[in-house]
Each structure stands twice: as structure tokens, then as C-alpha cells.
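Worksheet: the structure to be examined is printed underneath.
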Amino acid sequence: MRLEVHKLCAFYGRAQILFDVSLKLERGEVVALLGRNGAGKSTTLKSIVGLVEQRSGRVVLDGRDITYAPTAHIARAGLGYVPEDRRIFTELTVAENLLVGRQAPRPGAPAWTEKSLFHLFPNLAELSDRPAGEISGGEQQMLTIARTLMGNPAALMLDEPSEGLAPLIVEQLGKAILTLKQQGLSILLSEQNLHLARAIGDRVSIIEKGRIRFEGTMAEFAGDQTISRMFLAV
Amino acid sequence: MAFVVIQFLNGLASAADLFLVSAGLSIIFGVTRIVNFAHGSFYMLGAYLAFTLVEGVVGPALGFWPGIVAAAVAVAILGGLLEVTLLRRIYQAPELFQLLATFGVVLIVQDLVLLVWGPEDRIGPRAPGLEGAVSLLGHQFPRYDLFLIALGPIVLGALFLLFRRTRWGILVRAATQDREMAAALGVNERWLFTSVFVLGAFLAGLGGAVQLPREAVHHTMDLEIIVEAFVVVVIGGLGSVTGAFLASIILAELNAFGIVIFPEVTLVLVFLVMAVVLVIRPTGLLGRPEFAIRAASGVAEPPITPQSEAARNWVFAGVLGLAVLPVVADAYVLSVATEIMIFVLFAISLQFLMGISGMVSFGHAASFGLGAYGAALMIKHAGAPMELAFLAGIGLAALGALVIGWFCVRLTGVYLAMLTLAFAQIAWSVAFQWYGVTGGDNGILGVWPAAWAASPIVFFYLTLAVTTLALVILRRIIFAPFGFGLRACRDSVLRAEAIGIDRRQVQWLGFAVAGAFAGVAGALYAFLKGSVFPDVLAVPVSVDGLVMVLLGGIQRLNGPIVGALVYKLLQIVLASYTDYWRLVIGVIIIGLVVAFPQGIVGFFGTRLDALLVQRRNSP
């Protein structure tokens, strides 16, 4: 699935957060959206799925303009979104959380079942009947990805999946995301963890203060230390 | 002992319909975040439709049980239609506007019921197979009540299965917790909202229908049940069906035993229980942490600033214009103008509570009515002169607000709003039932102004002076440190407390100030009308205030003036043309909400702002 974002602007009240953000995600590609805290990574992803009310620009998914489509329609068109703050339904069990995400299989995208997801995230299998509010942060992060995968998306947007997780879990997560990439999913990964981004990203976009400041391949990015020093170093 | 058991069973039987209505209200609120005032109307329609369908007044008689089910289904369909045609348009509007729209529906249904079924009470038939009574511990107990006792748990069980075992139920629970996330997972909100509304309406309709063999069907049952349902939901916890079940039993049992043991204090008992529950568990027995009610539009509002020179001149010109009104106007016009000014004051005091202090009240009539009764009681029982009675009115309103406020500042959002409504309703019942002191529904007559103020012209000037003075004082308060403290608490409790503001103290005082000023309006109203009836404490007065504030735009200082003027004028003019003014007002309210989700002054104000910015920016 191909995702194109043209000159996306977003506002919270009178404050403008995004300024003409343009991105391209080709079929089967992983694009890492990097940037410091508050640079506009999350707002970019939220605006794409229609969760920021005031926005302008154009978002095209496989040739279809989805800029002003309702959020549920965007999800049903095959664009999966995994939010930064996980947003687990804490009052539902793990299995019920997965059920909420379930959609019919989509031609051209991997079809997931509860069983195959438990294979991808083995920790979740034993927690199936536990209230999702009672599982650990890492498990919740797995659950939020698994929940979105239940919709059998053809493209996936992950918002800082490694945030607040122990290195061991991040590694596990990276493997899982790599598996998804190998299955042909297009992935837009917003990250602060350069290590994770390097391990799985094909291309890089860097956002700073709501503007895209760099676009290039992972090799170009890795080859030029000044870029990361300028836009990412704290 | 036997008597206690029988009375307990009586309570259980009357808990059934209360539970059905409250459960529906709670479910709808959980998912759509709409406090559906029209839920009582669904209940009433269920009862009337059941009466018609069972008896076959039009068309064939369906018989009892099919008639009951058909009535509930019909109400469910009506609920679905309402959701699709009206609510869908206003989900983006602030919650309070949605509330206003559902109140528009209440008004429309009230008049439609009068038009279709007339004002007489309707007595339904007995349920076939469940007529008569069984002998229970030596007492006669109605068979039908046994059915009702079983109905509550059956519905609770059915809802439990629905929400735990079906995908639909799981989606509803997910959306109740995080509706955006559910949408991001592809859950179609529209369909979910409509179906939830249909279910809620079905439950309310069923509640009204099964009541048919028990009590007469009448046209005020909508507000009676909705107030009780609010109390149930507040005690049980919003969004919790089990909580609604427990709370409706508690409430019904209190009523059942209260009526036989101390009929006079039943209400006080209910109120005490609610108070205890809320002080111990501010979100009700089984409630979730918090559902905030957004008073503003969600977009950051520009902060309130002192009026510009121009606006001040306009207000001044308005006061001057009013001052010369007696030269041209006759006594009728003057009395209308006086009444409008009184409601301007009332609306301003409510805006102070909602817009400035951030506490949404559904029961501001309590303060208005206490002001009126305080003055009237002083005249009736102490023979006091007008001036003293006037002060007594303000005093009683302020005292009432202190008591009500003490409880209310412990809550926030919808819970607070519903609690204010419950308190207002308690005040109303006291005035209505305490014949010895308040004269009950005969009211208190002969509350005339002192001789010097008896002429309509003098009373008009008196009202103008008092209203203007009150307005100036309230403005002063808004821009005094205390007013800043109130606004700080409104915008962020955490930050306000972090800089050393005692949130409860400040809000409590704010509540009392708003109550005192509403009391001024109420006392003036008593002298204008020369009498006081329990109506001054009733729900419609509270809602009138809400309509005025919201029409005017909650964040606009002059909004309530415009809102009160437009709305009161409309009411007075319409009432003189048609008996069905509620119908017309209801339609107008809905139309206004759909057309101006920011309020009239907000709507034009925003456009004016945009124009000014444009002009400033253009070379």
C-alpha cells in the first residue's frame, strides 16, 4: 500500500503544529520519521488518520484521497495506526482488545488471526483472559500492535513503539516489526530510538518544529553525522 | 416483620422501571457522551404508546403483552430516528449544546403528547394472567409486581450477556472507554452510536410500557422520571449498568419505606443517601474516574478581557434606552421589560457559575426559587416590609447555595451538573409538599411591592437599577483576584492548586455568589408577579437559564444579555399566540443549536473577530 502526504498542516486551536509536511511511503517500504520530543511526529501520524480536527493538505492512500475521510473509514481502507500512548482498552480483556481490532481479510495484505498474533507475540498468549489494564507496559505495547494487526492492514503507522520499554523488549519488538516488513507491509515508523530506526528503516524523514528538514535513504542519513547532530541530538 | 418484607418487595417492584430508564441513560452517555434529557420523554412515550396499542385506540388492539413490546420497539425506532436526524449533526458541538438540543426534544414531545392524548390521565388495563394479588405472609401482594421484581434482574442479566458475550457489546465497551481509538481500529462510530441510542430508547420505552398496569399515564411523567434517573445515575456511577441497578433499588426502597414511616422526610432521606455516597465516592458506587463535561467548544477560547470602550458604550446606551422606555411604553410592555431584565440577571448569574467558575448547573432554579420564596415567606409569615423581605430572599438563596455548593464542589463535570438538578428538584418538592409553610401548589399570594414601588414605572426603574448594579458588581468580581482564582480553577484545577489556590473554597464561594445573585432575580420576580408558586423552582426555569446562557455564548460576557432577551421575548410572544408554545420553542432551540453551535453572540462574535483581523492585516 502506498501512502502520500502533501503539504499537511495541522493546528491545535490557534497554534499551528505542522507546516507543509510531505511524506512518501512506497509499497513494502519502512520509512522512519525521526525528530526530537515535540517536533510533530505524533501529530503527523494523528493528522493522517484524521484524529486532529483542524488540518489541511492532502493525504492519498493508494490513489484515494482520504484527507477528510472519517477515521474509521481510513482504518477500513487498510491503514493501521498504533498510537504512541498505546490506548489499550483497559477495561477489556486482552482477547477482547484484539476482537475490537478485527476486520475482514484484505487482498494483498497478510491475514492475521488471534493465533498467528500469539505466535508473533508469545507473551500475549497466556494473558488472553486478563484485563488489559493489568498487564505490563511492554505487554501493552505488544497488544496495541497486535490489536491493529487484527485489522489486517496493508500499511502500518507505528508511533514510538519503543518508548518507555526495556532494551530487551525493544529488541523483541524490533524483530516483530522486521517480520511485518518481510511480509510486505508498508511501515511508517515514528521513533526517537535511532538504533531501532537504523535496524529496520529503508528511508528517513526528519521533522523539526513541524517542518520536514531532511529526506533520504538510511545510508545517506547514516553517512552524514551532521544531520543527526543538527536535528536529533539533545 | 411481614410488613417490612412486603414493603421491601414493593420497593423492588418500583425499582424496575427506574432501572430500565437509568440503564439506558447510562449506556447512551457512556458511548455518545450525551446527557440525554429526552430519555424521560422516551419513557413517557413508551407508556402512552403502550396504552394506545394495548387498548387499540387506533387500529387493532394488540393485547397486553404484544402491545407492551410493540410500544418499546416503536420508541426504539423513534430513538434511532432522533439520533440519525438530529444528534448526528451535533456530535461535534459542545456537550452542553447537545444537552440543549435533547431538551428541545423534551419540549416538543410534551406538546405532542398533549396534542395526541390530551391532558387527562390515562389508566391502563391489568396484565392478563397477572391480575389480582397473591397472599404473602398474610398480606395481599399484586401479582404483576412479582413480574416487575423479576424483570429488573432479567434485564440486568441480558445486558450483561450482551456486553460481555457479543462483539457489539465489546465494541460498545471499547468505544465507551476511548472512542477515538475505536475509530482508529475501524469501528464505525455512526452505526455504533445509532444502535446504542436505539437500545437505550428501547429500555426507556419498555420501562414506561411495563408501568402501565401500575400507575396512571400522565404528561408530567417525563421530567419526574428523568430527575430520578439522574439521581440513580449519580449514585450508581455513570456508565455502569450494575451501578444503575443497585442505585435504583436503593432509591426505590428509600421511597417505599420513607412513605410509610416518615412521609415528610422521604426526600431528605434520598438526599442524605446521595450526599453520603458522593462524599465517600465522588463518582458514584461503581462509576468510572471522571467524565468531564466540556463547557466550551473544545477550541481554545480567547480569555475574557474587560470590555472595550465601544462595548461599554453600547451597554451604557442600552441602559439609557431602557431608562426612557416608560415614556413611550404602556404598563404591559413595562412588565414584560421588567421580567426580561430579571431573567437577564438570572442568566448572568448562571453564566458566572458556568462560564467563569466552570461549574455547569442544571438546577440554577433552586437559587432563583429560594430567592422568590425567601421574600414571599418573610411577607406571609412575618409581615415584613418589601425591603426586608427582599434581603431575606437574597439571604435564603445564598444560604441554599452554600448548602448545595458544599456538596457540589466535591464533584466535577456531569456529576456536579446532575447533583444540582437533584437539589433543585428537592427544593421544588419541599415547596410543593410543605403546605403549612409554603402553601403547596396554591403558592403564596399577596407578595406585592411596598407602596412607593407599587407603580409599574417605579418597579421597572427599581429592577433596572438593581439589575445594572448587580451586573457591575459581578463584572468587578470577575476581574478581581477572586475572579481570576475562579477562572484558574476552571481551566486547570491542578495548576491552580499548585500555586496555592484552595480550589474547593474558591469554587464554594463562587457557587454562593452565583446563588445570591440568582436570588436577587428571584426576589424581584416574586414582587413583579405578586405571588410565588413552586414553578419558580422547577426544571423548566433551570433549563430556561441554560438556554439563555448557551444561546448567548457561554464565554461571552454580554452573551447572556442577548440570550435572555431573545429567548424570553420569544417565549412571551409565542405564549400569547399559541397554547403549544413549547413545541415551537423546542423546534427553535433545536434549530438554533444546529445553526449556531457557538451561541448567537459567539457566532457573530467569531465572525466579527475574523473580520477585524482581516482588516488589520490588509494594507
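Here is the naming used below: chain letters follow the sequence lines, and residue numbers restart at 1 for every chain. Just the heavy atoms: all of them, side chains too, but no hydrogens, waters or symmetry mates, feed the values below.
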Do any side-chain atoms of residues 43-52 of chain A form donor-acceptor pairs under 3.5 angstrom with protein atoms, and if so which ones, sequence neighbours left out?
residue	atom	partner	partner atom	Å
A:T44	OG1	A:G40	O	2.6
A:S47	OG	A:T43	O	2.7

Q) Which bit of A:I88 comes within less than 4.5 Å of chain B, counting heavy atoms only: side chain, backbone, both or neither? A) backbone
Q: Kindly compute the distance separating OG1 (A:T93) from CD1 (B:I170), expressed to the nearest 0.5 Å.
A: 7.0 Å
Q.
With a 3.5 Å distance limit and no angle check, can you tell me whether B:R173 reaches the backbone of A:E96 through a side-chain donor-acceptor pair?
A. no
Q) Should we count CD of A:E53 as having more than 12 external heavy atoms under 6.0 Å? A) no
**Q.** Polar side-chain atom of A:Q103 near backbone of B:L185 as donor-acceptor pair, under 3.5 Å
**A.** yes
Q. For the atom pair CE (B:M181) and OG1 (A:T144), what is the distance rounded to the nearest 0.5 Å?
A. 5.5 Å
**Q.** Closest non-hydrogen atom pair, B:Q177 against A:T90
**A.** NE2-OG1, 2.6 Å
Q) Is it the case that more than 12 heavy atoms not belonging to B:R88 sit under 6.0 Å from its CZ atom? A) yes
Q. Does A:A72 offer a backbone N or O that forms a donor-acceptor pair with the side chain of B:E189 under 3.5 Å?
A. no
Q) Which bit of B:E180 comes within less than 4.5 Å of chain A, counting heavy atoms only: side chain, backbone, both or neither? A) both
**Q.** Taking every non-hydrogen atom, the tightest pair across B:A184 and A:Y81
**A.** CB-CD2, 3.9 Å
Q) Which atom pair, heavy atoms only, marks the closest approach of A:A75 to B:A183? A) CB-O, 3.9 Å
**Q.** Spatial distance of atom CD (A:E91) from atom CG (B:D178) [nearest 0.5 Å]
**A.** 11.0 Å
